[in-house]
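For reference, the structure is listed below as structure tokens.
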Amino acid sequence: MISHQKLKISFYQQPTFEIAKNLLGKFLIHRSCGIKNIGKIVETEVYYGLDDLASHASRGKTKRTKIMFGPPSRAYIYLVYGIYHCFNIVTEKTNFPAAILIRALEPISPTIANYSENIHKIDSKPASGPGKLCNYLKINKSLNGVSLLGNVLYIEDRGVEILENNIVATKRIGINYAKHCINYNWRFYIKNNNFVSKI
DNA sequence: CAAGAGATCATCT
DNA sequence: GATGATCTCTTGA
């Protein structure tokens, strides 16, 4: 039996960019209605500090972004474009706003196969994209603020190690409003992985 | 294959 | 009142 180690608080206390890279190859799990929904993380994106114009937190602490200013290891989940949810992991110590957006999963759960509720047919990449993976894992705003140290929503290390030279760093997706911050290479994904959202 | 439009609503001005 | 940390479908070359 391969060891399945739930990530502890010490993992989330690392520097944000270390976490973003170390999350690659880990397994995101959501227990819902007695079903374990699982996917392997293959793509992440960092939103870091008040000066990051792409980050919701760049406009300061608000009702929505206060979770980003809180302690690490909690979920930050919000609705984009009125339709899709995005799942983030809050990092850095209290009062420093930072989060890591999970952008794509390699599907694992045999129970839900590759059926996409979006398009009502078999999708070979049902969790490739931040909105799609929330549908895949049944994640919605009711989980906003939940601790990832609990038993509902958490991350496991299953012994998969992604080496530094197998990680690609590129510009973030969908943030054309962010002026000079567009150019930051704060998106990370596993090289040659078929389930990354965009190349 | 690339580009564009539309869906749809919580959040912030 | 405007705007997205998106996705799918349609159009046209």
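Below, chains carry the letters A, B, ... as their sequence lines are ordered, and counting in each starts from 1. Hydrogens, waters and symmetry mates play no part in the numbers below; they use all other heavy atoms, side chains included. All figures in this text were calculated on a predicted structure; none of them were measured in a lab.
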Are any non-hydrogen side-chain atoms of Tyr189(A) and Ile199(A) less than 4.5 angstrom apart? yes
Please report the C-alpha distance between Arg31(A) and Tyr154(A) in whole Å, then the side-chain angles of each, then the deciding distance to 0.1 Å, and finally whether the side chain to side chain donor-acceptor pair (under 3.5 Å) criterion is met. CA-CA 9 Å; Arg31(A) 288 178 185 266; Tyr154(A) 56 94; 3.2 Å; yes
If you measure from the Lys or Arg side-chain nitrogens to the Asp or Glu carboxylate oxygens, is any gap between Glu43(A) and Lys198(A) under 4.0 Å? no
Please report, rounded to the nearest Å, how far the P atom of dT6(C) is from the CZ atom of Arg172(A). 11 Å
Between NZ of Lys171(A) and P of dA5(C) the distance, given in whole Å, is 18 Å
Dot-bracket for DNA chain C, 5' to 3', Watson-Crick and G-U pairs with both distances under 3.5 Å, [ ] for crossing pairs, | for partner on another strand, reads ||||.|||||||.
Can you give one letter per nucleotide of nucleotides 7-13 of chain B, 5' to 3': B if a protein heavy atom sits under 4.0 Å from the base, S if only from the sugar-phosphate, - if neither? BBBSSS-
Quick one: His56(A) NE2 to dT6(C) C1', roughly how many Å, whole number? 12 Å
Would Tyr47(A) pass as stacked on dA5(C), i.e. its ring centre under 5.5 Å from the base's six-membered ring centre and planes under 30° apart? yes
Tell me whether Asp51(A) at atom CG has more than 12 heavy atoms from other residues, nucleotides or ligands lying less than 6.0 Å away. no
Report the distance from atom CZ of Phe87(A) to atom C1' of dT6(C), rounded to the nearest whole Å. 17 Å
Is the shortest heavy-atom distance from the side chain of Tyr76(A) to the side chain of Arg64(A) under 4.5 Å? yes
Would you classify Arg103(A) as touching base, sugar-phosphate or nothing, given that sugar-phosphate means primed atoms plus P, OP1 and OP2, and contacts are heavy atoms under 4.0 Å? sugar-phosphate
Does either side chain, that of Thr62(A) or that of Thr65(A), offer a donor lying less than 3.5 Å from an acceptor on the other one? yes
So which atom in Arg103(A) and which in Arg187(A) form the shortest heavy-atom distance, rounded to 0.1 Å? NE-NE, 4.1 Å
Between Tyr47(A) and Trp186(A), does the ring centroid distance fall short of 6.0 Å? no
Ser55(A) side-chain N/O to Tyr48(A) backbone N/O, donor-acceptor pair under 3.5 Å: no
Verify, without hydrogens or angle tests, whether Glu106(A) (side chain) and Val42(A) (backbone) share a donor-acceptor contact under 3.5 angstrom. no
Rounding to a whole Å, what distance do you find between Lys132(A):NZ and dC9(C):P? 10 Å
Got a sec? Which of residues 174-182 of chain A come in under 4.0 Å of DNA chain C, heavy atoms? Gly174(A), Ile175(A), Tyr177(A)
Please check this pair: side chain of Lys132(A) against backbone of Lys125(A), looking for a donor-acceptor N/O pair closer than 3.5 Å. yes
Please report the distance, rounded to the nearest Å, between CG in Leu53(A) and P in dG4(C). 12 Å
